[in-house]
Amino acid sequence: TVAREVLLDIAARRMGMDPVDLRRRNFLAADDLPYQSPVGMPYDHMAPREVFEAALAQLDDDGFRRQQAEARRDGRYLGVGTSSYVEPTATGMGYFGTEGATIRIEPSGMVNVYVAGGSTGNSLETTAVQLAADALGVDLADVNTIQGDTALTPFGLGTGGSRSGSMIAGAIATTAATLRERIVAIAAHRLEAAPEDIELAGSRAAVRGTPAAGLSLAEIATIAYADVASLPPGVPAGLEASGRYRAESPMIWANATHVCTCEVDVTTGAVRLLRYVVSEDCGPMINPNVVEGQIDGGTVQGIGGALLEHLAYDDDANPVSTTLADYLLPTIAEVPVIEHVHIETPGPGPGGYKGVGEGGAIGAPPAVVNAVADALAPLGAVVTRLPVTPAAILALIDEAGEQAAT
């Protein structure tokens with residue numbers, strides 16, 4: 001992504017074009033899909049152009065260009081950079097194409113959800129609870145999740161490839177459907193109602209139109225475990241089920257555009273990020289806080305990769321950046337408030353959910369590099385290497401000056 005997006009900006013400047021306009025000429029829009037790329041990628045269920053335009057609208061690109069021109073007249077160097085990508089998430093290939101879940105409703109009415117994946121900062125414990133609560137019509141406070149213990153959970157590939165949201169949603173939905181049918185059957189039998197008239201909400205099964213006629217989930221669980229003789233014909237004892245979801249498509253496409261503005265001090269080489277916008281299409285969001293948290297974490301990681309992180313070696317190949325005093329990471333002081341824009345194009349999988357976990361780290365480095373390059377463009381400096389440290393920027397300015405002189 002860095003190579004492609006930096007190349008686009010360099011090409012645009014050589015043709016005397018705004019890099020934004022070059023991208024506009026080549027973007028796929030939602031109406032252009034489905035579309036098969038030259039290398040056979042089946043693009044669908046996404047909106048790259050719409051996401052791009054939404055990011056620029058959030059920034060006010062024309063307004064920034066006026067601000068940039070005014071700053072240059074005052075001897076200040078501002079720049080704007082964009083980066084766009086599409087990413088295949090939730091692959092359906094090989095072991096990644098299936099995921100399982102086990103759900104057990106205890107006699108107390110509490111719900112335990114067992115899934116293979118282990119949360120690695122992507123808040124699967126929150127996501128799994130929300131999905132199960134929605135699927136079963138129970139309160140969030142009544143749901144717990146157990147992850148990653150292979151002695152207890154179904155076989156699964158866990159976190160990776162931005163698959164967790166879609167695959168866990170499928171696994172929980174498949175499993176919950178079995179339990180939901182059983183809960184409805186027990187409630188309908190005990191309340192002498194038709195199954196289609198039973199509603200599940202708030203950890204309770206009630207007769208539609210007469211909410212006073214109902215049973216709590218704990219009461220239904222007690223029947224399922226302790227009063228099995230009164231179960232309706234064909235309904236097994238207990239409230240525990242395991243299910244397995246199989247991916248419905250070979251991949252689910254997520255896409256985003258990052259836009260970054262910065263100011264470069266051409267005397268010291270220091271870069272100050274001014275604004276940062278992420279326009280993201282990850283389909284419907286199970287939990288917006290989780291989605292934006294993953295975007296922010298990946299974006300900060302990408303900013304560090306563009307401006308600070310450097311595995312340096314001496315002439316004898318000994319590493320010299322061996323501590324965090326030498327290998328620098330971004331802090332809150334280096335990162336502006338990240339602005340979020342959401343475009344929701346449902347994917348082909350369960351709930352329309354897509355992956356989002358890698359999006360920040362994919363989009364951030366080229367957006368930052370292009371912003372720095374745009375700021376330095378009047379000086380003739382061309383950025384082609386990372387990280388863009390102050391020393392590297394000053395070297396590029398000196399090199400451009402020498403080339404201009406000769």
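Owing to the predicted nature of the structure, the values given are computational and were not obtained by experimental measurement.
If you check the side chains of S83 and E5, you find no donor sitting under 3.5 Å from an acceptor.
Between L274 and P336, the shortest heavy-atom contact is O-CB, 3.8 Å. Nearest heavy-atom pair across E106 and Y225 is C-CE1, 4.1 Å.
When atom types are taken as modelled, the side chain of R65 and the backbone of D61 share no donor-acceptor pair closer than 3.5 angstrom. Remark: side-chain polar atoms of R244 are not paired, donor with acceptor, to backbone N or O of P154 under 3.5 angstrom. Listed for the E50 side chain is a donor-acceptor partner under 3.5 Å among the backbone atoms of A30. Although no hydrogens or angles enter the test, the distance criterion places a donor-acceptor pair under 3.5 Å between the side chain of Q68 and the main chain of L78. Panel note: side chain T345, backbone M46; no donor-acceptor pair is recorded below 3.5 Å.
Under a 4.0 Å N-O distance rule, the pair D374/R13 qualifies as a salt bridge. Remark: E53 engages R49 in a salt bridge, criterion side-chain N to carboxylate O under 4.0 Å.
For Y276 and H258, the ring centers sit closer than 6.0 Å to each other.
The closest side-chain heavy-atom distance from L136 to I103 is below 4.5 Å.
Just one of I362, N255, I252 meets the side chain to side chain contact (heavy atoms under 4.5 Å, CB included) condition when paired with E87; it is I362.
With rounding to the nearest 0.5 angstrom, the CG atom of D139 is 12.0 Å from the CZ atom of R204.
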